[in-house]
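Every heavy atom of this structure was used, including side-chain atoms; hydrogens, water molecules and symmetry mates were not. Chain identifiers are assigned alphabetically (A, B, ...) following the order of the sequence lines, protein sequences preceding nucleic acid strands; residue numbering begins at 1 within each chain.
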2 protein chains.
Amino acid sequence: MKAIELDTRDRILDVAERLFAEHGIDAVSVRKITAAAKVNLAAVNYYFGSKDGLIGAVVERRVAPLSQRQVQALDAVRKGGKGRAPRLDLILEAFCRPMIEQAMDPKAGGAVFGRFMVRCLADPNPIVGKKVAEHFGSVGKRFYEMLVQAVPGMPQEDLWWRMHLLMGGLHHCLMILTVHKASSGRRCMKMDADKYVKRFVSFAAAALKVRI
Amino acid sequence: MKAIELDTRDRILDVAERLFAEHGIDAVSVRKITAAAKVNLAAVNYYFGSKDGLIGAVVERRVAPLSQRQVQALDAVRKGGKGRAPRLDLILEAFCRPMIEQAMDPKAGGAVFGRFMVRCLADPNPIVGKKVAEHFGSVGKRFYEMLVQAVPGMPQEDLWWRMHLLMGGLHHCLMILTVHKASSGRRCMKMDADKYVKRFVSFAAAALKVRI
DNA sequence: GTATAATTCAAACGTATGTTTGAATTCTGG
DNA sequence: CCAGAATTCAAACATACGTTTGAATTATAC
């Protein structure tokens, strides 16, 4: 069961993501990446122009599709409600499922993807921060607007903070879930994703409904 | 209103913490720190042995007292219960109040402290991670044990994940709360801390009580 | 006041970094 | 088969980094 031989560009992207996930983005040098990927040192500049270009490409490759799937899932819930206020649990599931499922599916990156994504959400690197804000901004906006509809009567400031409490909690748990597995290469079984989605949804729904 | 002239060692600690909070720990060089603190380049090695020694000292100075205050607050709640199961809201408050209060009190570091602490909790730097685990380990242990007593009947695995959802949420909100203010130098009023504590406690209590 | 210790300072050291270069090699279309 | 483009490669570039050094300066104790 040999891995398919990827071309230089893709091998750099994969190796860079794995090393970024393990050691943090700014702690990984171009030399370490090219050595681990078994390509020449100059290949990074040849294909991505610069180290920053590589970082941007690695982030974009994961953040863009994920945020897009979240937006689609949220929009599907809104459409399904047919004008009525959307169900809270469906909103929460649409928000969290794409990330949890991909982080637990080895074929889609699994723990390495999850750990890398968590790094991105907390990294001080300005390129990473810009890309994350750019793509997840629309997700957060939709998520918040739909929560306002689904939790009527709650002061919007309270709801805004609670949404961020949930986002931060989800990211933190994804970190715990992937921190060991990402480096050891141990496989996560996709069937577990449902369990974690349910856990998060019931937790979040209760926390959002209660009055202060 | 001139600032008190601190000696070299303390000025390095203060400036390093501020720059770490703003740009991330590994993104700040010894040269940037000494230039901003207006001390000689060699002062860092003279007082702290190495850059790693400085990082350790900066982290230790904040993490040790904070974790100690959390442990004391949690122990006080346990003692106050006189053997009975401690009240959930008091546990949650003991856990979150020390951090929120200090992050909103300009005299104790305020937003710079808060942002630095959040950086520490997510930083890939091994020295930081070791110090954080060392000091906050006992906090987490106590917090979890008391939650088990206060929320009977919940599967411990569920409770463990919910605790981490709360921890991550708190850290994320502290980041939002301090991200702008830390760099702009704007003051936070201490009187707001109570509001944020209440917000977190009611949110967390509801999220912990509900059955899956 | 003077000797001793503590601190500050400018300069340099060795190393690691991101990037560039130009030749060598491999791939591609006719 | 071959010209031209695409890619790979070893080597070097300039810069920034953490650290060390030894002299200069300041503070401390007797």
Side-chain angles (χ1 to χ4, degrees), chain A residues 3-61 119-120 123-131, chain B residues 3-61 119-120 123-131:
Chain A
I4 300 162
E5 192 72 23
L6 295 169
D7 64 357
T8 301
R9 210 188 111 96
D10 287 338
R11 214 157 64 240
I12 292 174
L13 284 172
D14 285 347
V15 168
E17 183 187 31
R18 180 169 55 82
L19 294 180
F20 289 163
E22 279 178 32
H23 308 106
I25 290 169
D26 282 321
V28 181
S29 67
V30 173
R31 281 174 167 81
K32 284 176 191 158
I33 295 169
T34 52
K38 290 173 185 162
V39 301
N40 187 268
L41 170 61
V44 163
N45 293 81
Y46 179 76
Y47 282 104
F48 303 98
S50 66
K51 186 189 182 181
D52 282 354
L54 169 61
I55 294 173
V58 175
V59 175
E60 179 85 21
R61 186 174 69 140
R119 287 254 191 253
C120 287
D123 203 277
N125 183 299
I127 296 162
V128 176
K130 195 177 158 191
K131 280 237 183 283
Chain B
I4 301 162
E5 192 74 19
L6 295 170
D7 65 356
T8 303
R9 210 189 111 96
D10 287 336
R11 214 157 65 241
I12 292 173
L13 284 173
D14 285 348
V15 168
E17 184 186 30
R18 181 169 56 82
L19 293 179
F20 289 163
E22 279 178 32
H23 308 106
I25 291 169
D26 283 321
V28 181
S29 68
V30 173
R31 283 174 165 82
K32 284 178 191 158
I33 294 170
T34 53
K38 289 171 186 161
V39 300
N40 187 268
L41 170 61
V44 163
N45 292 82
Y46 178 76
Y47 282 105
F48 303 98
S50 64
K51 185 189 182 181
D52 283 354
L54 169 61
I55 294 174
V58 176
V59 175
E60 180 84 20
R61 186 173 70 141
R119 287 254 191 252
C120 287
D123 204 278
N125 184 301
I127 296 162
V128 177
K130 195 179 159 188
K131 281 237 182 282

From [atom1] of [X] over to [atom2] of [N], roughly how many Å is that when rounded to an integer?
X	N	atom1	atom2	result
B:Ile55	D:dG18	CD1	C1'	11 Å
A:Arg9	D:dA6	CZ	C1'	15 Å
A:Asp10	D:dT7	CG	P	12 Å
B:Arg31	D:dG18	CZ	C1'	7 Å

### Task
Can you run down the side chain to side chain donor-acceptor pair (under 3.5 Å) pairs that involve residues 23-47 of chain B, sequence neighbours left out, and say none if there aren't any?
B:Asp26-B:Asn125
### Task
Would you list the pairs meeting side chain to side chain donor-acceptor pair (under 3.5 Å) in which at least one residue belongs to residues 52-61 of chain B, sequence neighbours left out?
B:Asp14-B:Arg61, B:Glu17-B:Arg61, B:Glu60-B:Lys131, B:Glu60-B:His135
Between protein and nucleotides 24-27 of chain D, what N or O pairs are separated by less than 3.5 Å?
none

### Task
Identify the 5'-most and 3'-most nucleotides of DNA chain C with at least one atom closer than 4.0 Å to a non-hydrogen atom of chain A.
C:dT17 to C:dT21
### Query
In Å and rounded to the nearest 0.5 Å, what is the CD1 to CD1 distance from A:Ile25 to A:Ile127?
9.5 Å
### Query
Between A:Arg9 (side chain) and A:Phe48 (backbone), is there a donor-acceptor pair under 3.5 Å?
no
### Task
Output yes when a side-chain donor or acceptor of A:Asp10 lies under 3.5 Å from a complementary backbone atom of A:Leu13, and no otherwise.
no
### Message
Measuring only between side-chain heavy atoms, which start at C-beta, is A:Val59 closer than 4.5 Å to A:Phe20?
### Response
no
### Task
Answer yes or no: is there a side-chain heavy-atom contact under 4.5 Å between B:Leu54 and B:Ile33?
yes
What pair of heavy atoms forms the shortest contact from [X] to [Y], and how long is it?
X	Y	value
B:Ala16	B:Val58	CB-CG2, 4.0 Å
A:Val44	A:Ser50	CG1-O, 4.1 Å
B:Ala36	B:Leu19	CB-CD1, 4.1 Å

### Task
Could you list by number each residue of residues 37-50 of chain B showing a heavy-atom separation from DNA chain D of less than 4.0 Å, or answer none if no residue does?
B:Leu41, B:Ala42, B:Asn45, B:Ser50
